[in-house]
Asks: 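Please see the structure below; I have some questions.
Quick note on labels: first sequence line is chain A, next is B, and so on, each numbered from 1. All values derive from a computational prediction rather than experimental measurement.
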There are 2 protein chains.
Amino acid sequence: MTIPKFAQIKQFIVNNIRSGAWLENQRVASENELAEQFSVSRMTARRALSELTEAGILTRSQGLGTFVASFKSQSSLLEIKNIADEVKARNGNYSCTVLVLESISAVAPIAIALGVEVDSVVYRSVLVHNENEQPLQVEERFVNPALATSYLQQDFTALTPHEYLSSVAPLTEARHTVEAIMPNSEMCQWLNLYHEEPCLQVIRRTWSSSGIVSFARLVSPGSKYRLGGHLTFKK
Amino acid sequence: MTIPKFAQIKQFIVNNIRSGAWLENQRVASENELAEQFSVSRMTARRALSELTEAGILTRSQGLGTFVASFKSQSSLLEIKNIADEVKARNGNYSCTVLVLESISAVAPIAIALGVEVDSVVYRSVLVHNENEQPLQVEERFVNPALATSYLQQDFTALTPHEYLSSVAPLTEARHTVEAIMPNSEMCQWLNLYHEEPCLQVIRRTWSSSGIVSFARLVSPGSKYRLGGHLTFKK
DNA sequence: CAAGTCATCTTGTATATACAAGGTAAATAT
DNA sequence: ATATTTACCTTGTATATACAAGATGACTTG
């Protein structure tokens, strides 16, 4: 028995919840009770309860006790992964084509999103991420030149923009929104779509300690790409 | 100073990372060093480091030390919230209309998704979630009758299907996928769309301890609904 | 009877201590 | 010189103890 004691207690609790034996909002044994049942110290029993609480499986309140969390309270999460990693994970052949790499004058919405002056110069890149030579996602990115001076000199077939930006301006925050859009004709060409079809668009803004670094638009055909996520009591 | 000591240490560390003073993969003071710096016991310093590690902000390895996690390793997460809560959160007027509530014979894809026999009887509901009397999302749901016998007798304008199902068959797991689709004519009618437009579709399958409970399709117009999420070093 | 107090349960914070186990580098033996 | 041992750092697990603070119900007091 090499499994740590606190982990054994966690398993015991999770098993009871997963099996349906303990229902939502039902009370769980107190730290002292668990300590006695498992012949451990209170601090060890406490660790099991605390970690399961942190994981959202239990809820606790001082003076009252510990309870099975209601499923509703758990927010469901979706992961946005790196597309290159995703392709490689399913043994696809990943490649990347650079379509545009330029400096442009920022129109109002771009300037606002990047936190720079309107009509100031910003960098823009458009890449296509391919799986088995078929376009899977278009990445259009606007970059704050003050924070990534030599952006235009990079070879993005070797190093992704995200990786390069992480190295020159360490990221401290990112915000995403996901929506369904209809691609314009330019985007259809980039994605090699004969018939118009709805696309998933992820907007990602990234911050570093010195300000907004970049603003990216990731567009993928609805027929080829989806986001997935799952939520469980495991752990 | 009523802030707990372990929380003060956490703040100190997070501030250093957010400000950019400590870079990715950089080494952080050890438990003993922190304990001395802050005049606390090792266990208290340890708690700060452990909780930040659990939150994905630090990584630790036995024998080596503690390090600032690389931003890349953090998966970006999107939250799928309850739509009624979301509407209420922005002070919208939430309402719900029941369009269909019936038992049908399961065709193959539905039967497979629910884990029941093909052509067996399953329940089906179609609801429209409205914000200020405008359709915001259509929820089409197929339910395993064995696990929610009296599903068809419920009043879903008062209690959402998700809430009802949680009460009769406590959920233990959920899986989601998000994609962009073009709605068919029936869906356009339900969503009150004059012009066809791309929609976000969330597929949600939920499990309880006794099997697959239900299979829901949540469709929202791309122009009215988006998923948001953000990733930060806060906490 | 009603209001306040007290005892006793709960979780929360904090410390001191002990040993286990992983990793590195310097000291030692071959 | 190379290989092994040893010392010393790190994090990981576990215990015993103390007091703080929230919640509840019984008991006491006005």
Asks: Are A/E139 and A/R204 ion-paired here, with the side-chain N under 4.0 Å from a carboxylate O?
Replies: no

Asks: Report the C-alpha separation of A/D155 and A/T157 in whole Å, then their side-chain angles, then the decisive distance to 0.1 Å, and conclude whether the side chain to side chain donor-acceptor pair (under 3.5 Å) test is met.
Replies: CA-CA 6 Å; A/D155 173 14; A/T157 57; 2.6 Å; yes

Asks: Verify the neighbour count for atom CD of A/E36: are there more than 12 heavy atoms of other residues, nucleotides or ligands below 6.0 Å?
Replies: no

Asks: Roughly how far, to the nearest 0.5 Å, is CG of B/L147 from OG1 of B/T206?
Replies: 9.5 Å

Asks: Just report the end-to-end axis angle for the helix from C/dC1-D/dG30 to C/dT30-D/dA1, five pairs per end, to 10 degrees.
Replies: 20°

Asks: I'd like to know if the side chain of A/N144 pairs up with that of A/S214 as donor and acceptor (distance under 3.5 Å, no hydrogens or angles considered).
Replies: no

Asks: Can you find a heavy atom in the side chain of B/L159 that is under 4.5 Å from one in the side chain of B/Y164?
Replies: yes

Asks: Is the shortest side-chain N to carboxylate O distance from A/R46 to A/E51 below 4.0 Å?
Replies: no

Asks: Take A/A7 and A/R42, find for each the nucleotide of DNA chain D with the closest heavy atom, and name the residue whose nucleotide sits nearer the 5' end.
Replies: A/A7

Asks: Indicate the ring-plane relationship of A/F12 and A/W22, choosing parallel, tilted or perpendicular according to the 30° and 60° boundaries.
Replies: perpendicular

Asks: What one-letter contact string describes nucleotides 4-10 of chain D from 5' to 3', where B marks a base within less than 4.0 Å of any protein heavy atom, S marks contact via sugar-phosphate atoms alone, and - marks no contact?
Replies: ------B

Asks: Which part of the nucleic acid does B/R46 contact within heavy-atom distance under 4.0 Å: base, sugar-phosphate only, or nothing?
Replies: base

Asks: Go through DNA chain C in 5' to 3' direction and return only the first and the last nucleotide with some atom under 4.0 Å of chain A's heavy atoms.
Replies: C/dT10 to C/dA14

Asks: Check every strand shown and say whether A/R47 touches a base, only sugar-phosphate, or nothing at a heavy-atom separation below 4.0 Å.
Replies: sugar-phosphate

Asks: Establish, yes or no, whether a centroid distance under 6.0 Å links the rings of B/F142 and B/Y151.
Replies: no

Asks: Check whether A/F215 forms a cation-pi arrangement with A/R205 (NZ or CZ under 6.0 Å from the six-membered ring centre, at most 45° off the ring normal).
Replies: no

